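Keep in mind that the numbers below use all heavy atoms, side chains included, and drop hydrogens, waters and symmetry copies. A, B, ... follow the sequence lines: proteins, then strands. Residue 1 opens every chain. Nothing here was measured: the structure is a model prediction, and the numbers come from that model.
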There are 2 protein chains.
Amino acid sequence: MENDSSKRGGPRPGAGRKPGGGLYGEPTTVLRVPTSQAGPIRDFLSALNRKRQRDAQDNVLELAEFVPDCRKISLPLYTSKVAAGFPSPADDHVERRLNPSDYLVDNDSATFFVRVKGDSMIDAGIFEDDVLVIDRSRVPQIGDIVLAVLDGEFTVKTLGKSKSGARLLPANKHYPVIEVKEGQSFEVWGVVTGSMRKFK
Amino acid sequence: MENDSSKRGGPRPGAGRKPGGGLYGEPTTVLRVPTSQAGPIRDFLSALNRKRQRDAQDNVLELAEFVPDCRKISLPLYTSKVAAGFPSPADDHVERRLNPSDYLVDNDSATFFVRVKGDSMIDAGIFEDDVLVIDRSRVPQIGDIVLAVLDGEFTVKTLGKSKSGARLLPANKHYPVIEVKEGQSFEVWGVVTGSMRKFK
DNA sequence: TAGATTGATTTCCGTTACAGAAATCAAGAT
DNA sequence: ATCTTGATTTCTGTAACGGAAATCAATCTA
């Protein structure tokens, strides 16, 4: 201010923005919301404001847009109840079909099964008494679950690699990693391509 | 702490709550909202969370009908202990021959399949993308894993019992037990008798 | 041995604090 | 009569804070 004797401006007690003079015309509250919902909530508040401007005397707005979508799963096979209460193979809604043999076996002349003993692969979802599908024609890769023979003993483990050769990784923290050492006979007999289990 | 020589506790680098471990399972943002809308927005977020919990328990992805083998295969099932040599069809260690459909399906006309999503039954060895064998003709018992419909939503859980009726037990400690309440529509559509999985 | 306890660690969430923007005031200038 | 001006007051988005909640693994207990 160059002119120190300016007589403009000055104290105006009671001046200042009046309450309700903001964007929403009412007091505000700070809320923490999931980041994914911040945008939608902002959009909603914008829309609410636009509606309030349009309906100056009527500012009722339902939060209908924000009711969670409770759509049911739409499964054509079973959304209608047939008379007996159970769908039948002849039901017109059938869309998917499955045969376990076709699903599990790619190359039947190179496939056999092994029943599992123990829990060393439990974290990979392979439980005691599961039946594993073994495909001899598959080329084993690092990370594959394989049927291996180490010193004449069969074992099912994840194939790993170490500096000196192969290792067999259990999927259960209570079991040690098996390092294949010099002088040991080691062979991969097939790759586990699937598994099946009976519950009852 | 009266005993200064306690040896419990202590530094654990890397301990601490993991990201995504909060109420919303995602990062949050602070928003200022009109006070009149704070309640409705809170209600919305609560409802959204409840829906997310329901969705997480909803582990049925798709259904499929059983179809018989078009070409019957019968492949060897070996014991896991074969002393030496490559297993052969004449090998004494062949436990028996096995067809996956015969192994998994007891009652053709009452069987269908469900593909699973999520991890709510992971401790029962039911992983994402597993295909479950559902037998409609089985009478469900307490302790059975069942395909149930609760308020129009399919879910696979262990059937439990409470004082007031049924409950559905997840096999994952991170999921709550589902209590079936008065007024809810609840039905068991079949018993899980088996499962299968493709690894590759 | 399995499960509980413990002190430390890390993230989360509701609230408070902060600071610049926005709106308002009336005396003085044009 | 209208515009300008420095001061005043409220508003709004974001930063900061602090206790709660969840997690960790060494140690203890049954």
Side-chain angles (χ1 to χ4, degrees), chain A residues 1-53 56 59 66 118-120 122-123 127-128 170-177, chain B residues 1-53 56-57 119-120 122-124 169-177:
Chain A
M1 255 305 292
E2 271 189 24
N3 189 355
D4 289 341
S5 60
S6 166
K7 297 193 176 178
R8 296 188 177 190
R12 305 284 182 259
R17 190 166 172 161
K18 298 297 161 252
L23 179 60
Y24 302 111
E26 60 174 293
T28 56
T29 299
V30 176
L31 270 195
R32 191 176 285 275
V33 303
T35 301
S36 69
Q37 302 303 310
I41 290 172
R42 284 194 188 99
D43 292 346
F44 162 69
L45 294 175
S46 295
L48 180 65
N49 259 12
R50 291 197 298 273
K51 175 141 174 76
R52 281 178 172 180
Q53 285 169 12
N59 58 3
F66 279 81
D119 65 347
S120 67
I122 202 163
D123 293 339
F127 283 25
E128 169 109 27
N172 182 335
K173 68 179 182 180
H174 297 300
Y175 289 81
V177 173
Chain B
M1 261 303 294
E2 268 189 27
N3 188 356
D4 288 341
S5 58
S6 168
K7 296 191 178 179
R8 294 186 178 196
R12 304 285 183 262
R17 195 169 173 155
K18 298 297 158 256
L23 179 61
Y24 302 110
E26 60 175 290
T28 54
T29 300
V30 176
L31 273 194
R32 193 176 285 276
V33 304
T35 301
S36 69
Q37 301 303 311
I41 290 171
R42 284 195 188 101
D43 290 346
F44 161 68
L45 295 174
S46 293
L48 183 67
N49 258 11
R50 290 197 299 274
K51 179 168 192 299
R52 283 177 173 180
Q53 279 181 9
Q57 300 268 30
D119 64 346
S120 63
I122 202 162
D123 293 339
L169 311 175
N172 181 334
K173 68 179 182 180
H174 296 299
Y175 290 82
V177 172

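- Between A:Gly25 and B:Pro13, the one whose closest nucleotide on DNA chain D sits nearer the 5' end is A:Gly25.
- The shortest non-hydrogen separation linking B:Leu45 to A:Pro34 is CD2-CD, 3.7 Å.
- Taking only side-chain atoms of A:Val30, from C-beta outward, the nucleotide of D:dA25, C:dA26, C:dT15 with the closest atom is C:dT15.
- The base of C:dG7 lies outside donor-acceptor range of the side chain of B:Arg8, with no N or O pair under 3.5 Å.
- Among D:dC24, D:dT12, D:dT8, the nucleotide with an atom closest to any side-chain atom of A:Ala15 is D:dT8.
- Atom CG in A:Asp119 sits 8.0 Å away from atom CD in A:Glu128 (nearest 0.5 Å).
- The residue B:Gly10 sits close to a base: some heavy atom pair falls under 4.0 Å.
- Nearer to the 5' terminus of DNA chain C, by closest-nucleotide assignment, is the contact made by B:Pro11 (compared with the other of A:Gly16 and B:Pro11).
- For the pair B:Leu31 CG and D:dT12 P, the computed distance is 13 Å after rounding to whole Å.
- Residue contacts for B:Leu23: at a heavy-atom cut-off of 4.0 Å it reaches the sugar-phosphate backbone alone, with no base atom in range.
- Place B:Glu26 and A:Lys18 on DNA chain C by their nearest nucleotides, and B:Glu26 ends up nearer the 5' end.
- A:Ser36 and B:Glu26 are linked by a side-chain donor-acceptor pair at a separation below 3.5 angstrom, with hydrogens and angles left out of the test.
- Atom CZ in A:Arg42 sits roughly 8 Å away from atom P in D:dG13 (whole-Å rounding).
- Taking OG1 of B:Thr29 as the start and CG of A:Leu31 as the end, the distance is 11.5 Å to the nearest 0.5 Å.
- Separating the CZ atom of A:Arg32 from the P atom of D:dG18 is a distance of 15 Å, rounded to the nearest angstrom.
- Closest to the side chain of A:Arg12, out of C:dC13, D:dT14, C:dA26, is C:dA26.
- In this model, no side-chain donor or acceptor of A:Arg17 finds a partner on the base of C:dA23 within 3.5 Å.
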